[in-house]
Amino acid sequence: MTQPATAQPQDTDYTVLVEAGASTQAARAAVRAAGGRVTAENDAVGTLTVKAPATGFVQRVTAADAVFGAAPVRPIGQAPGTGGRQTREWHDVENEHVGAAANPKAPTAPRTTAAGLDPLDDALWGLRLVRSDIARVRQAGDRRVYVGVLDTGVDGTHPDIAPNFNRALSRNFTIDIPNDTNGDELDGPCEFRGCVDPADHDDGGHGTHVAGTIGAAANGFGVSGVAPNVSLVNIRGGQDSGFFFLQPVVDALTYGADIGLDVINMSFFVDPWYMNCTANPADSPEAQIAQRTTIAAVQRALNYAHGKGVTLIGAGGNNHEDQGNPRTDAASPNYPPGAAYPRPIDNTTCLNLPTEGDHVISISALGPSTGKADYSNYGVEQTALSAPGGYFRDGFGTDWYRTNENQIRSAYPRNVALAAGDIDADGTITAKGEAAGVAKYCDATTCGFYRYSQGTSMAAPHASGVAALVVSQFGKRDRAHPGTLTMSPDQVEAVLYGTAIPRACPEPRTVSYENVGRSAEFTATCVGDTAFNGFYGHGIVDAYGAVTRGGDFL
C-alpha cells in the first residue's frame with residue numbers, strides 16, 4: 001500500500017480539484033492514497049492544496065472518482081538557468097520604451113488646470129479618452145464601492161493610493177519564490193518574514209500602476225484615476241516576477257467575492273500556459289491533466305465571483321493575435337524557464353485564462369490615435385470593449401511617434417523605482433529614469449513617483465474604473481455587506497456595452513504595422529460593424545456616458 005508522503009524537501013505543492021458532486025472527504029482520501037497530504041482547502045471552488053511527491057502524483061490522484069484533476073501549484077522541472085528574473089512577452093511589451101530610441105521632438109502637453117484634476121493629469125490622455133475628466137463632475141466614485149486589484153500587489157503607502165486604499169480588507173495570497181529550480185533568482189531575496197510581503201506592499205510595480213489608473217485619489221497631488229473616490233483593495237495573486245500561478249489566483253478571486261468586492265481587475269494570464277488546452281496532443285498526459293484542472297478551477301472561481309455580484313474585467317492580452325484564430329503557442333510552459341515548446345492551438349478546446357473565461361469582460365488596447373495598439377489581441381470572439389492601453393509607436397510620421405507620452409502614466413512604488421535604477425537613494429530621478437519618462441511630484445511632506453507603461457494590462461483598469469463609476473451611480477445598499485454598495489454584474493455589463501462610444505473598423509480593414517518596425521505577423525484584420533467589431537468590441541469605454549445615460553440600459 002502506498003503510504004502518505006511526509007514533508008520532504010523534494011515534495012511539491014499541488015492544487016487538487018474535487019470532482020463536481022463528489023465529497024471533499026472522498027477527495028482527501030484519494031489524496032492520501034496517492035501519497036499526498038492536504039495542507040489547505042478552498043471550499044468555494046472545491047480545491048485542496050496538497051504536498052505530494054514530485055513525480056507520479058498527478059496521474060495517481062486523478063484516477064480517483066472523487067478527483068477532477070491536479071496541477072502543480074508551481075510547475076516543476078529542470079531547465080537551463082537564466083541568471084536573473086524571468087520576463088514574458090506581456091512584460092516585454094509593457095517596457096518597450098525602456099532603453100528604446102525615443103523621438104527627441106516630443107511635444108510638451110499643457111499643464112492641467114481643470115477643476116477636479118491633479119497636477120500631472122496633463123499626461124493622462126487615457127483619462128480624457130474615456131471622459132473621466134468630465135464624468136467626475138457628475139460622479140467621481142463612491143467610497144462604498146470596492147475594487148479589487150488581483151495583481152502583483154498594491155503600494156498602499158503611495159501618496160496617490162493611500163487615501164483610497166483599504167488595508168483592512170487587503171490580502172496577499174502568494175509566497176515569494178527567491179530561486180527557481182536551478183537556484184536562479186526569480187522573485188528576488190525575501191524582504192519579509194516567511195517570504196510573505198505585507199498586504200500594502202508591491203515589489204513588482206505592475207499592480208500599483210493598475211491601481212493608480214483605476215482609482216488614484218483626486219487630491220491635488222500627482223495623478224488621479226478614472227474613479228478617484230472609490231476604495232481599492234489589494235487581493236494579490238501574482239509573484240514579484242510577474243508570474244500568476246493557479247492556486248493564488250483562485251484563492252484571491254473567491255476571497256474577493258466573499259468580502260463583497262464590486263469589481264475585480266485581472267491584468268494577467270494564469271501561468272505557466274498562455275493557452276490552456278483540454279487535450280493538446282503536443283502535451284504530456286500530466287500536462288493535459290494540469291491544464292484541464294486549471295480551466296475547471298478558474299471557471300469555478302469566476303462563476304463563484306460573478307454569482308456573488310462581482311463585475312470581472314480582464315486584459316485581452318499582448319500577443320497581437322485574433323483570439324478566435326490563435327497561432328501556435330511557442331511560449332508555454334513559461335515556467336520553469338526554458339521549458340517552452342511549440343504547441344499548435346485548437347481554438348475550440350484551448351483558452352487564455354482568465355480573459356476567455358465566462359463572465360469576464362475582455363478589453364483590447366488603444367493608442368492615443370484610438371487605433372488598435374500593435375501588440376493588442378483582438379477578434380470578435382472575445383473582445384468586449386476597448387480602452388486606452390498605450391502605444392509607444394503611435395503617431396507614425398508625427399512628433400509623437402515613439403514617445404513615452406503615447407503610453408499610460410500611473411503610480412510607481414518608490415522601492416521598485418530604486419531597484420530598477422530609475423531613482424537614486426535620495427529619490428532623485430536618474431538619467432535612466434528620465435529616459436523612461438519617470439516623474440516625481442512632491443508637496444511639503446512627501447513625494448510620489450510615476451512611470452509610463454503600455455499593454456492591455458493598462459487598458460483593463462480604465463474599464464474597471466468606469467465599471468466602478470457605474471456601481472457608484474446606480475448601485476444599491478449591499479445588505480450582505482453593510483456600508484457598501486452592490487449591483488448585478490450583468491447590469492454593469494449592460495451599462496458598459498450600451499454607453500460605449502461606437503467605433504467602426506478602420507478602412508482598409510486590414511492594418512499592417514510594418515511601417516513602425518513590426519513583422520507581418522502583427523498584421524490584423526478587423527471584422528464586424530460599427531456596433532460590434534473585433535478591434536473595439538462594443539466600443540470605447542465611456543465614463544461620462546455611463547454615469548449620465550447608464551440608466552437607459554437598466
Side-chain angles (χ1 to χ4, degrees), residues 85-98 126 147-158 160-161 165 170 172-174 176-177 186-188 197-216 223 225 232-245 248-249 252 264-271 313-318 334-335 354-355 363 365 375-376 387-390 407-420 422 436-438 448-465:
R85 290 193 179 191
Q86 311 312 314
T87 60
R88 299 183 300 159
E89 184 168 358
W90 277 36
H91 300 92
D92 293 342
V93 165
E94 291 165 5
N95 296 306
E96 180 190 356
H97 66 296
V98 178
V147 181
V149 180
L150 205 175
D151 215 287
T152 63
V154 176
D155 178 8
T157 68
H158 191 285
D160 262 317
I161 303 294
F165 186 69
S170 293
N172 174 14
F173 295 93
T174 69
D176 285 352
I177 307 169
L186 188 76
D187 287 333
D197 295 341
D200 62 351
H201 187 79
D202 179 12
D203 255 336
H206 192 273
T208 300
H209 197 283
V210 165
T213 296
I214 295 169
V223 301
L232 299 170
V233 181
N234 173 26
I235 50 170
R236 177 176 168 180
Q239 305 295 139
D240 291 344
S241 51
F243 288 100
F244 288 76
F245 297 125
V249 169
I264 293 179
N265 187 92
M266 301 177 291
S267 289
F268 61 90
F269 68 85
V270 180
D271 296 294
I313 306 289
N318 298 345
N334 62 17
Y335 190 91
T355 198
I363 313 297
Y375 57 79
S376 180
Q407 301 175 103
I408 304 301
R409 173 185 278 178
S410 190
Y412 192 23
R414 179 189 178 99
N415 57 299
V416 180
L418 184 62
D422 290 332
V438 173
F449 296 92
Y450 307 86
R451 68 158 289 171
Y452 286 104
S453 194
Q454 65 175 4
T456 56
S457 285
M458 286 69 239
H462 281 88
S464 291

Q: Identify the residue among Asp176, Asp200, Asp203 that makes a salt bridge (Lys or Arg N to Asp or Glu O under 4.0 Å) with Arg236.
A: Asp176
(Q) For Ile264 versus Ile235, what's the shortest heavy-atom pair and its separation? (A) CD1-CD1, 3.9 Å
Q.
Tell me every residue that passes side-chain contact (heavy atoms from CB on, under 4.5 Å) with Pro413, counting only those two or more places apart in sequence or in another chain.
A. Asp155, Asp202, Thr208, Asn415, Val416
(Q) Within this structure, what is the CD1-NE2 distance for the pair Ile408 and His209, rounded to the nearest 0.5 Å? (A) 7.5 Å
(Q) Quick check for you: to the nearest 0.5 Å, what is the distance between Thr152 atom OG1 and Gln239 atom CD? (A) 10.5 Å
Q: Assess the side chains of Glu94 and His206: does a donor N or O sit below 3.5 Å from an acceptor N or O?
A: yes
Q.
I want to check something: taking the side chain as every heavy atom from C-beta on, are Val249 and Phe173 in contact at a cut-off of under 4.5 Å?
A. no
Q. Looking only at heavy atoms, which two atoms of Ile313 and Ala460 are closest? And how far apart?
A. CG2-O, 3.6 Å
Q | Polar contact flag, side-chain donor to acceptor under 3.5 angstrom, Gln454-His97 | A | no
Q | Any donor-acceptor N or O pair under 3.5 Å, side chains Asn265, Asp151 | A | no
Q) Can a cation-pi geometry be assigned to Arg451 and Tyr412, taking NZ or CZ under 6.0 Å from the six-membered ring centre and within 45° of the ring axis? A) yes
Q: Using ring-ring contact (aromatic ring centres under 6.0 Å, His included) as the criterion, list what pairs up with Tyr450, not counting sequence neighbours.
A: His158
**Q.** Closest non-hydrogen atom pair between Tyr375 and Gly389, with its separation
**A.** OH-O, 3.3 Å
Q.
If we check side chain to side chain contact (heavy atoms under 4.5 Å, CB included) with Phe165, which of these qualifies: Thr157, Val154, Val233?
A. Val154
Q: Mind listing the closest non-hydrogen atom pair of Ser170 and Ala199 along with its distance?
A: O-CB, 3.5 Å
Q: Side-chain contact test, heavy atoms from C-beta onward, threshold under 4.5 Å: evaluate it for Val270 versus Phe244 and give yes or no.
A: no
Q) Which value, rounded to the nearest 0.5 Å, describes the distance between Thr355 atom OG1 and Ile363 atom CD1? A) 7.5 Å
Q.
Can you give me the closest heavy-atom contact between Ser457 and Ala315, atom names plus distance?
A. N-CB, 3.9 Å
Q. Taking the six-membered ring for Trp, are Phe245 and Tyr335 ring centroids under 6.0 Å apart?
A. yes
Q.
Looking at every non-hydrogen atom in both residues, tell me the closest pair between Thr456 and Ser376 and how far apart they are.
A. CG2-OG, 3.6 Å
Q. Can you tell me how far CG of Leu150 sits from OG of Ser267, rounded to the nearest 0.5 angstrom?
A. 10.0 Å
Q. Can you tell if the side chain of His462 reaches within under 4.5 Å of the side chain of Pro388, non-hydrogen atoms only?
A. yes
Q.
Which residues pass the side-chain hydrogen bond (donor to acceptor under 3.5 Å, both in side chains) test with Asn172, not counting sequence neighbours?
A. Thr174
Q.
Measuring only between side-chain heavy atoms, which start at C-beta, is Tyr452 closer than 4.5 Å to Ser410?
A. no
Q | Verdict with reasoning, Met458 to Ser453, per side chain to side chain contact (heavy atoms under 4.5 Å, CB included) | A | CA-CA 7 Å; Met458 286 69 239; Ser453 194; 3.8 Å; yes
